[in-house]
Visitor: 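Have a look at the structure that comes next, please.
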Amino acid sequence: MKILSVNAGSSSLKFQMYEMPEEKVLISGVFEKIGMAESFYTIKINGEKVKKMALLDNHTDAVKILIEELLSNNVITSLDEIKGVGHRVVHGGSKYSSSIIINEDVIDTIESLSSLAPLHNPANLMGIRAFMKELPSAISVAVFDTAFHQTMPEESFIYALPYEWYTKNGIRRYGFHGISHDYLTETLKKELDNDKPNLITCHLGNGASISAIKDGVCFDTSLGFSPNSGLMMGTRSGDIDCAIIPYIMKEENLSLNEVMNILNKKSGYLGVSGISNDSRDIEAAADQGNERAKLSQVLFVNRIVEYIAKYYVKLGHVDAICFAGGIGENSMATREAVMNKLAALGVKIDNDANNVRGEFKLISASDSKIPVYIIPTDEEVMIARDTYNFI
Ligand code: ADP
């Protein structure tokens, strides 16, 4: 059975088509610069990557071209072979604790949650509408980035703010990257042959978050009300003292929007180093002795260590820790620095095993008190699995 896994952004649309339940990727690709001049797309099929220019005024144009490509490449012979389309949706609020088949009510709810994710939910909806229009017979499923975190108890998701801000305004920790943390948790359950493990899952990419998994479900997570809290990230500050905001507005004569933009887009690795948001550039500059690059790397590592330490204490015991995401999967230096700073928890690195990129691997020493893994995350397959399960 053929299932599409879709991630729609405001000007992009990523897709993978799977043969399910084998989870075989048949074709994948991305449409970029939708609604702009010079829009284009890339597709990957049979190990070959092709880039083509195409006029993409909107997401529906992208879906039409995708269908043409599926037919001309003989991935499908007719549209009704596509039984389901799974969509990544960033915010499901407190309403959705699992994936759901999309109908008009669900669309209205996702729309009403746009105030919580103004950059993401409207873009996700553009993708949903385009596919529903072009593939009306396929079942559409929404897979939420917040859903996995809905098992958090109140003690994890309530902020120390007036309680009415939660009941009246919905201010609470929601968490994000849930599809990835779910994948990491499922993978470790199988690996450890334990249905209810306690885990610490680290998703370290341009956006980064850590989750504490208790008895196999999410207990706490570092992203909160918005996708800018917890860890330091590529361009995001993570946790800061909120008094900084009015202070710097006054000192530098900045508007609230300008400050929020700086906290989201010009902070983190980029802000501290002044060089780049990309950890590869930071590592290269640090190797050449750049002090601010070194400092940014130390801050990034320290924040990760702080969250792991705090979750370790909250969980009581931890069956495994894992690293995922572009940095978690690829940066040996970051993993090494984090693991060395976790010596107090009895974590010990196996340096030879750690000398690897993008592979599922146990990288802790045999006498480490907690096993530590690299797990290449796979959000697309989680979306395809949930969609397939509905069908
Ligand atoms: P996102 O999906 O949040 O945009 P990714 O998970 O793709 O981000 O991660 C991007 C980050 O991964 C970047 O900081 C990039 O530098 C880092 N990364 C990718 N490959 C490597 C590598 N070989 N070494 C160090 N960092 C890497």
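Both counts, for ligands and for their atoms, begin at 1 and track the order of listing.
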Visitor: Heavy atoms only, cut-off 4.0 Å: how does Arg357 contact ligand 1, side chain, backbone, both, or neither?
Guide: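 Under 4.0 Å from ligand 1, Arg357 contributes side-chain atoms alone.
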Visitor: Just to confirm my output: which protein heavy-atom neighbour is closest to atom 22 (C) of ligand 1, and how far is it?
Guide: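 Ranked first by proximity to atom 22 (C) of ligand 1 is Asn330 CB, 3.2 Å.
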Visitor: Just which atoms of ligand 1 are under 4.0 Å from any heavy atom in Ser331?
Guide: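 Answer for ligand 1: 25 (C).
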Visitor: Of Gly326, Gly234, Ala324, Ser180, which has the heavy atom at the shortest distance from atom 12 (O) of ligand 1?
Guide: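 Looking at heavy atoms only, the winner is Gly326.
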Visitor: Got the closest protein heavy atom to atom 11 (C) of ligand 1, with its distance?
Guide: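 I find the closest protein heavy atom is Ile327 CG1, 3.7 Å.
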Visitor: Could you tabulate the donor-acceptor pairs under 3.5 Å formed by side-chain atoms of residues 143-150, not counting sequence neighbours?
Guide:
unit_1: Asp145; atom_1: OD1; unit_2: Gly178; atom_2: N; d: 3.2
unit_1: Asp145; atom_1: OD1; unit_2: Ile179; atom_2: N; d: 3.4
unit_1: Asp145; atom_1: OD2; unit_2: Arg88; atom_2: NE; d: 3.1
unit_1: Asp145; atom_1: OD2; unit_2: Arg88; atom_2: NH2; d: 2.4
unit_1: Thr146; atom_1: OG1; unit_2: Gly92; atom_2: N; d: 2.9
unit_1: His149; atom_1: NE2; unit_2: Phe176; atom_2: O; d: 2.8
unit_1: Gln150; atom_1: NE2; unit_2: Gly93; atom_2: O; d: 3.1

Visitor: Please identify which of these residues, Ile375, Asn354, Val372, meets the side chain to side chain contact (heavy atoms under 4.5 Å, CB included) condition with Phe323.
Guide: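 Among Ile375, Asn354, Val372, the one that satisfies the side chain to side chain contact (heavy atoms under 4.5 Å, CB included) with Phe323 is Val372.
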Visitor: Give yes or no for whether the N/O distance cutoff of 3.5 Å, strictly under, is met between Gly325 and ligand 1.
Guide: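 Such a contact does not occur with ligand 1.
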Visitor: Stepwise, does the side-chain contact (heavy atoms from CB on, under 4.5 Å) test hold for Ile210 with Ile308?
Guide: CA-CA 8 Å; Ile210 300 192; Ile308 293 177; 4.1 Å; yes
Visitor: With respect to Leu204, determine whether any N or O atom, backbone or side chain, lies less than 3.5 Å from an N or O atom of ligand 1.
Guide: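 Leu204 vs ligand 1: no N/O contact under 3.5 Å.
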Visitor: Under the 3.5 angstrom rule, does the side chain of Asn330 hit a backbone N or O of Arg357 as a donor-acceptor pair?
Guide: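 Such a contact is absent between Asn330 side chain and Arg357 backbone.
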Visitor: Do the ring planes of His91 and Tyr174 sit parallel (below 30°), tilted (30 to 60°) or perpendicular (above 60°)?
Guide: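 Correct class here is perpendicular.
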Visitor: Please report the interatomic distance CG(Asn73) to CG(Leu26), rounded to the nearest 0.5 Å.
Guide: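 Going from CG on Asn73 over to CG on Leu26, the span is 11.0 Å.
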Visitor: Looking only at N/O atoms, are Asn206 and ligand 1 under 3.5 Å apart anywhere?
Guide: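 Yes; at least one N/O pair falls below 3.5 Å.
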Visitor: Below 4.0 angstrom from a heavy atom of Gly207, which ligand 1 atoms are there? Numbered from 1 as shown, please.
Guide: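 Per the distance check, 3 (O).
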Visitor: Among Lys2, Lys83, Lys24, find the one that has a salt bridge (Lys or Arg N to Asp or Glu O under 4.0 Å) with Glu19.
Guide: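 The option that passes is Lys2.
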Visitor: Does the protein place any heavy atom closer than 4.0 Å to atom 26 (N) of ligand 1?
Guide: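 Looking at atom 26 (N) of ligand 1, one finds that a protein heavy atom does lie closer than 4.0 Å.
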Visitor: Looking at atom 14 (O) of ligand 1, what's its closest protein heavy atom, distance included?
Guide: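 Result: Ser279 N, 3.1 Å.
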Visitor: For the pair Tyr163 and Tyr166, name the ring-plane relationship: parallel under 30°, tilted 30 to 60°, perpendicular over 60°.
Guide: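 Geometry flag for Tyr166 against Tyr163: perpendicular rings.
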Visitor: Which atoms of ligand 1 are found less than 4.0 Å from any heavy atom of Asp278?
Guide: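 Reading through ligand 1 atom by atom, the close ones are 14 (O), 15 (C), 16 (O).
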